[in-house]
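Following: one structure in structure tokens, then a few remarks.
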Amino acid sequence: MSIESMMLSNHLILCRPLLLPSLSQHQGLFQGVRSSHQPILYSYFRSSCSWRVRIALALKNIDYETVAVNLTKDGGQQFSEEFQALNPMKQVPALKIDGITISQSLAIIEYLEETRPTPRLLPQDPKKRAQVRMVSDLIASGIQPLQNLSVLKQVGQENQLTWAQQAITSGFNALEQTLQSTAGRFCVGDEVSMADLCLAPQVANADRFKVDLTPYPNISRINKSLLALEAFHVSHPCRQPDTPPELRA
């Protein structure tokens, strides 16, 4: 089964975004969405990196507009000349805000934290702040990139599931051990942090790739607590403007 089919066949688990035309619906879209002063998030509904940013926007009560960038349609709309001009890495998310465009989900979240610090997603305590960044990077650099769509296409269709399971299991072994010393109710202590914004989307990836979560009680417990929060609920992939009808919840 291909990665695209597997993603569509599994049940996936927004803020108040206004959906603007997708890339395929509006020529010259990037020049045409400047009528609003709201931030503009270039996103794909089931992109875990985009989900991290949607959670941050929801937690910080930031209204925004969404431009859907379909990563599988038309050979991948992220490869269009228009989107490459916006983000040369040809990846989502990208956020237009305050007159600049920021790519890379953690850079976006840190900018939101520095310019709109309430509620806080990075603890004031330097040690806890380092722990939040450590857990965030473990997921965002050490797990997710190894099982994303671009990598899976390179390993061959018949190897995709096994490859993704191995990448996630290896990372979760390290993450579970790390959380033993950092976690309270959430990844670091008892307050939601940037680390949690990385964890929940990665657990959704694990579910999609049929990873057994039994060996990871801390990961599972924290994820359950996070999904009960409104910001995680409304930003969920199954509630995005570009979510296909058959995947909506």
Side-chain angles (χ1 to χ4, degrees), residues 1-4 6-7 10-13 44 46-56 71 89 91-93 103-110 121-122 127-189 192-227 232 235-237:
M1 180 181 293
S2 70
I3 183 61
E4 291 88 351
M6 181 164 30
M7 287 177 172
N10 285 272
H11 179 70
L12 297 174
I13 319 193
Y44 182 50
R46 64 188 171 203
S47 158
S48 57
C49 300
S50 297
W51 189 6
R52 298 170 194 161
V53 175
R54 294 194 303 260
I55 299 168
L71 303 186
M89 276 298 288
Q91 297 173 339
V92 292
S103 60
Q104 300 300 326
S105 62
L106 298 192
I108 294 171
I109 293 168
E110 293 230 24
L121 297 176
L122 288 169
K127 294 179 180 178
K128 288 187 176 181
R129 192 160 63 242
Q131 289 177 330
V132 167
R133 288 178 169 138
M134 174 180 68
V135 173
S136 300
D137 284 339
L138 191 160
I139 297 169
S141 299
I143 305 177
Q144 189 276 333
L146 298 176
Q147 49 90 106
N148 69 9
L149 183 59
S150 62
V151 171
L152 292 175
K153 286 181 176 179
Q154 299 302 315
V155 303
Q157 181 175 322
E158 68 280 4
N159 299 316
Q160 289 177 352
L161 181 59
T162 300
W163 177 278
Q165 289 175 336
Q166 290 176 345
I168 295 172
T169 298
S170 176
F172 273 15
N173 288 340
L175 178 59
E176 179 71 18
Q177 184 175 345
T178 299
L179 292 175
Q180 290 176 8
S181 62
T182 66
R185 183 183 177 195
F186 301 115
C187 284
V188 178
V192 173
S193 71
M194 182 170 67
D196 299 293
L197 277 57
C198 296
L199 183 135
Q202 188 56 51
V203 174
N205 287 340
D207 287 339
R208 187 170 69 243
F209 293 115
K210 300 179 174 61
V211 173
D212 180 13
L213 296 178
T214 304
Y216 311 115
N218 286 308
I219 293 174
S220 298
R221 173 185 59 79
I222 294 169
N223 184 63
K224 183 177 180 179
S225 296
L226 292 170
L227 293 183
F232 287 77
S235 61
H236 195 282

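Everything numeric here is computed off the predicted structure, so don't read it as measured data. Excluded from the calculations below are hydrogen atoms, water molecules and symmetry mates; all remaining heavy atoms, backbone and side chain alike, are included.
Interatomic distance, CG of Leu152 versus OG of Ser150, reported as 8.0 Å (0.5 Å rounding). Taken to the nearest 0.5 Å, the CH2 atom of Trp163 stands 12.5 Å off from the CD atom of Glu158. Distance check, rounded to the nearest 0.5 Å: NZ of Lys224 to CD1 of Ile222 gives 13.5 Å. For the atom pair OG of Ser136 and CG of Leu199, the computed distance is 9.5 Å after rounding to the nearest 0.5 Å. With rounding to the nearest 0.5 Å, the separation of CG in Leu213 from CZ in Arg221 is 14.0 Å. A distance of 8.0 Å separates CZ in Phe209 from CD in Gln160, rounded to the nearest 0.5 Å.
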Apply side-chain contact (heavy atoms from CB on, under 4.5 Å) to Gln91 and Ser103, showing your working. CA-CA 8 Å; Gln91 297 173 339; Ser103 60; over 6 Å; no
Residues Asn218, Leu175; criterion side-chain contact (heavy atoms from CB on, under 4.5 Å); working and verdict: CA-CA 9 Å; Asn218 286 308; Leu175 178 59; over 6 Å; no
Test side-chain contact (heavy atoms from CB on, under 4.5 Å) on Cys198 and Asp137 and set out the steps. CA-CA 9 Å; Cys198 296; Asp137 284 339; over 6 Å; no
Taking it one step at a time, do Lys128 and Val132 satisfy side-chain contact (heavy atoms from CB on, under 4.5 Å)? CA-CA 6 Å; Lys128 288 187 176 181; Val132 167; 5.5 Å; no
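Side chain of Asn159 to main chain of Val155: a donor-acceptor pair is present (N/O by atom type, distance under 3.5 Å, no hydrogens or angles). At least one donor-acceptor pair closer than 3.5 Å links the side chain of Arg54 to the backbone N or O of Ser235. Judged by distance alone, with hydrogens and angles left aside, the side-chain atoms of Thr182 form a donor-acceptor pair with the main-chain N or O of Cys187 at under 3.5 Å.
Ala107 is linked by a side-chain contact (heavy atoms from CB on, under 4.5 Å) to Ile102, Gln104, counting only residues two or more places apart in sequence or in another chain. Checked against side-chain contact (heavy atoms from CB on, under 4.5 Å), Ser225 has the following partners two or more places apart in sequence or in another chain: Arg185, Phe186. Shown here are the salt bridge (Lys or Arg N to Asp or Glu O under 4.0 Å) partners of Glu110, two or more places apart in sequence or in another chain: Arg133. Shown here are the side-chain contact (heavy atoms from CB on, under 4.5 Å) partners of Ala56, two or more places apart in sequence or in another chain: Ile109, Leu112, Leu121, Leu197. Ser48 pairs by the side-chain hydrogen bond (donor to acceptor under 3.5 Å, both in side chains) definition with Asn205, not counting sequence neighbours.
Side chains of Arg129 and Met134 form no contact here, defined as non-hydrogen atoms less than 4.5 Å apart. Side-chain contact between Val151 and Gln147 is absent, with no heavy atoms from C-beta onward closer than 4.5 Å. Between Gln166 and Thr162 the shortest side-chain heavy-atom distance falls below 4.5 Å.
In plain terms, the two heavy atoms of Ala200 and Leu226 that are nearest each other are CB-CD1, 4.3 Å. Scanning both residues, Pro215 and Glu176, for their nearest heavy atoms gives O-CG, 4.1 Å. Across Pro145 and Ile139, no two heavy atoms sit closer than the pair CD-O, 4.0 Å. When all heavy atoms of Pro201 and Asp196 are compared, the pair lying nearest together is CD-O, 4.4 Å.
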N/O donor-acceptor pairs under 3.5 Å from side chains in residues 167-174, not counting sequence neighbours:
unit_1, atom_1, unit_2, atom_2, d
Thr169, OG1, Gln165, O, 2.8
Asn173, OD1, Tyr216, OH, 2.8
Asn173, ND2, Thr169, O, 3.3

